[in-house]
Colleague: 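What follows is a structure written as structure tokens; I'll ask about it next.
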Amino acid sequence: MREIAYKIGQREIKIVIGVKSSALVDQLKGRKILIRSKRVEMPFDFDAEYVVDDGEGAKNLENVLEIIRIMKSAGLGRSDFVVAVGGGTVMDVAGFAASIYMRGVGLVNVPTTILGMVDAGMGGKNAINFEGVKNLLGTFYQPGLIIDELNFLSTLPQDEYITGLAEVIKYGITLDKDLYDYMSSNFESLKSRDLAKVEEIVYRSTENKMKIVGEDELDNKGIRIVLNYGHTVGHALEAGSNFSIPHGKAVSVGMVCESKVAEELGAVEEGVVEDVLWLLQLYGLPISVDQLKVKVDRHIALNALVGDKKRVGGEILMPVPVRIGEWTKFKVPLETLQGLVVQCLE
Ligand code: GLY
């Protein structure tokens, strides 16, 4: 079990990674309400409970308002806790509600997916969709405690587990060559979920992400964008498939496509694309739209690039790996990007 402490702005954040770490929830002093995904249980007492469906559709204002009503009737005060147990959707909805109720109450994230443990559960971003716009309403609000209970991973379907590893590979490619090498040399045991090895990659991903968040908590210094490597094209693919592609798979193809674009424009060293392809293929992650086995509407995908949050005027600021473990950002005119992304969509 690992316990790491971070300070982001004025907030102290404790992250605990390991088997049986979720017992810490029972030790929280104060009232606590549980917001959980349908497919997980928490064997502890709570003052109230609310179940949220998985998936983008549940990131809505109705769920947030319902949680706020529950907080109010449970008499939750500022020193009490909202405990979010589940994947990204649950943590988004619960985190948003916790951040606005009484200007903020205690928030504990217990991610139950690999994606949640290495990305969505930490960093303080939370948002819901509104009137058809993804993540239109949201806040930056850091959880005080994050518990990565590795036992939850044993129940994940294998495909979902592997898909989540795409975000770990993202850290390896852009920030941490040792992690890239670790993922490559421990492939067999990571694939079969050897929890000691999984703990190591969750820990390293946590260190990488929290370092970046510490340098650019509000995503306005051009540093946190590195966490978005693969996501410009990834989001376009998600939109073009009407959000039927799992996020990690879309990001996997996105990382390949964005690296190819960067190589084509001479922004990265030769050989980067091969390195990116190699590790993703080792884990059986998709490297082309074809391998996603879903219909991606080209028009919708290309249009989604226009809405990318890293667009400034007619250009998109893209984070890309110069070589494994090092990244840079470069500006691509939107039309150039669209022209090159078309090749990835073929
Ligand atoms: N998932 C990207 C970020 O936290 O900034």
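Keep in mind that the numbers below use all heavy atoms, side chains included, and drop hydrogens, waters and symmetry copies. Remember, predicted model here, so these are calculated numbers, not experimental data. Numbering of ligands and ligand atoms starts at 1, following listing order.
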Colleague: In the hydrophobic clustering (ILVMFWY, side-chain contacts below 4.5 Å, transitive), which residues join Leu24, or is it alone?
Modeller: Met1, Val16, Val25, Leu28, Leu34, Val40, Met42, Phe44, Phe46, Phe81, Val83, Val85, Val108, Val110, Leu145, Ile147, Phe152
Colleague: Residues in side-chain hydrogen bond (donor to acceptor under 3.5 Å, both in side chains) with Glu264, at least two apart?
Modeller: none
Colleague: Between Arg36 and Glu49, is there a side-chain N and carboxylate O pair less than 4.0 Å apart?
Modeller: yes
Colleague: Do the non-hydrogen side-chain atoms of Val118 and Ile201 ever get within less than 4.5 Å of each other?
Modeller: no
Colleague: Can you confirm if the NZ or CZ of Arg204 lies within 45° of the ring axis of Tyr182 and under 6.0 Å from the centre of its six-membered ring?
Modeller: yes
Colleague: Under the rule for side-chain hydrogen bond (donor to acceptor under 3.5 Å, both in side chains), what residues qualify as partners of Ser99, not counting sequence neighbours?
Modeller: Thr139
Colleague: Got the residues with a heavy atom under 4.0 Å of ligand 1, by chain and number?
Modeller: Asp119, Lys125, Lys209, Arg224, Leu227
